[in-house]
Amino acid sequence: MINTAKKLFYGLWIVVIVLLLIAYIRNPDLVTPDYIKSFISSYGSEMMLVYICLTLIRGFFLIPSTPFVIAGGIMFPDQLLLVLGISMIGVMASATALYFFSDSLGFSHYLESKYPNKIGKLKPMLQDYRATYFVLGWSFFPLVPTDLICYVAGLVKMPFKYLFIGVFFGELILDIFYVYFGSSL
């Protein structure tokens, strides 16, 4: 029963991701800050609630947070601190979920068999307290997905506190920039 439910959940999750990818390929403007702003604005008085919901669920579909953070700055220029808080909660919820569910997603056996040397080198490096700095740098660098390091950290059983602190401060610096950049548009 549990295996069937798990397979159904994964199947549904993959279908949604594939549909989102197809929609993105057909119309790349779907993830631009302007489109997200117009989509959320169409809900009028519920705009903040829609923004909060989208920010929280986007991580489960591995959608980057950048357009959402910038759109939040554009849509709510008088509530920038609130937008920053919502963005950080969404990022940290996504990071936590990927860390704790990385093994149950089923890719760990594949990665460990395909890249045993790389995983072997990463394990001791990510067990050390200095791994926090590595994660912070990774999270701060906008061209690499933070979700990837969260996933790998969960696979190699990096101490959660190192991941959490690194992602928090790396993303906080980046999101502050994005929120204030978005509000200036």
Side-chain angles (χ1 to χ4, degrees), residues 13 16-17 20-21 23-24 27-102 105 126 128-154 158-185:
W13 184 53
V16 169
I17 289 176
L20 288 172
L21 281 172
Y24 174 73
N27 186 6
D29 293 334
L30 288 176
V31 292
T32 63
D34 289 334
Y35 180 81
I36 294 169
K37 177 184 177 187
S38 68
F39 175 76
I40 293 173
S41 296
S42 69
Y43 286 91
S45 61
E46 297 90 16
M47 281 181 10
M48 184 58 80
L49 181 61
V50 171
Y51 179 72
I52 291 169
C53 291
L54 287 175
T55 299
L56 290 175
I57 64 169
R58 64 110 208 125
F60 292 102
F61 300 104
L62 305 176
I63 299 171
S65 64
T66 303
F68 291 90
V69 179
I70 293 172
I74 293 170
M75 290 177 4
F76 309 108
D78 56 335
Q79 298 175 330
L80 297 180
L81 198 54
L82 180 61
V83 170
L84 179 63
I86 291 167
S87 300
M88 288 304 298
I89 290 170
V91 165
M92 297 314 295
S94 173
T96 302
L98 283 171
Y99 176 86
F100 285 109
F101 295 118
S102 62
L105 291 174
L126 292 177
D128 190 82
Y129 74 92
R130 291 174 290 198
T132 302
Y133 300 115
F134 176 74
V135 173
L136 188 149
W138 184 290
S139 299
F140 176 73
F141 192 65
L143 299 178
V144 294
T146 301
D147 295 338
L148 182 61
I149 192 63
C150 299
Y151 183 76
V152 171
M158 174 185 183
F160 179 68
K161 64 183 178 182
Y162 300 159
L163 173 80
F164 192 89
I165 292 168
V167 169
F168 181 81
F169 287 109
E171 286 290 329
L172 180 64
I173 295 165
L174 200 56
D175 284 2
I176 287 171
F177 172 75
Y178 287 153
V179 166
Y180 287 96
F181 172 73
S183 71
S184 67
L185 294 178

Using residues 68-85 as the side-chain source, report each donor-acceptor pair under 3.5 Å to any protein atom, sequence neighbours left out, with the distance given to one decimal.
none

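- The list of ring pair (Phe, Tyr, Trp, His ring centres under 6.0 Å) pairs with a residue in residues 79-98, not counting sequence neighbours, is empty.
- Across Leu163 and Ala153, no two heavy atoms sit closer than the pair CD1-CB, 3.8 Å.
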Could you check Tyr151 against Asp147 for side-chain contact (heavy atoms from CB on, under 4.5 Å), going step by step and ending with a plain yes or no? CA-CA 6 Å; Tyr151 183 76; Asp147 295 338; over 6 Å; no

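- Tyr35 pairs by the side-chain contact (heavy atoms from CB on, under 4.5 Å) definition with Leu30, Thr32, Ser38, Phe39, not counting sequence neighbours.
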Donor-acceptor contacts under 3.5 Å from residues 55-66 side chains, at least two apart:
unit_1: Thr55; atom_1: OG1; unit_2: Tyr51; atom_2: O; d: 2.8
unit_1: Arg58; atom_1: NH1; unit_2: Ile63; atom_2: O; d: 2.7

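- For the pair Phe100/Thr96, a side-chain contact is recorded, criterion being any heavy-atom separation below 4.5 Å from C-beta on.
- Atoms CD1 and OH, from Ile165 and Tyr129 in turn, are 13.0 Å apart once rounded to the nearest 0.5 Å.
- With rounding to the nearest 0.5 Å, the separation of SG in Cys150 from CZ in Phe164 is 10.5 Å.
- Around the CZ atom of Phe160, the shell of radius 6.0 Å holds more than 12 heavy atoms that belong to other residues, nucleotides or ligands.
- Atoms SG and CD, on Cys53 and Glu46 in that order, are 11.0 Å from each other to the nearest 0.5 Å.
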Quick one: do Met158 and Val152 satisfy side-chain contact (heavy atoms from CB on, under 4.5 Å)? Show the steps, please. CA-CA 9 Å; Met158 174 185 183; Val152 171; over 6 Å; no

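- Annotation: the span from Leu98 atom CG to Leu148 atom CG amounts to 9.5 Å, rounded to 0.5 Å.
- The side chain to side chain donor-acceptor pair (under 3.5 Å) analysis of residues 162-175, with sequence neighbours excluded, yields the pairs Thr146-Glu171.
- To the nearest 0.5 angstrom, Phe168 atom CZ is 10.0 Å from Ile173 atom CD1.
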Under 3.5 Å, which donor-acceptor pairs do the side chains of residues 134-143 form with other protein atoms, sequence neighbours left out?
unit_1: Trp138; atom_1: NE1; unit_2: Pro145; atom_2: O; d: 2.9
unit_1: Ser139; atom_1: OG; unit_2: Val135; atom_2: O; d: 2.9

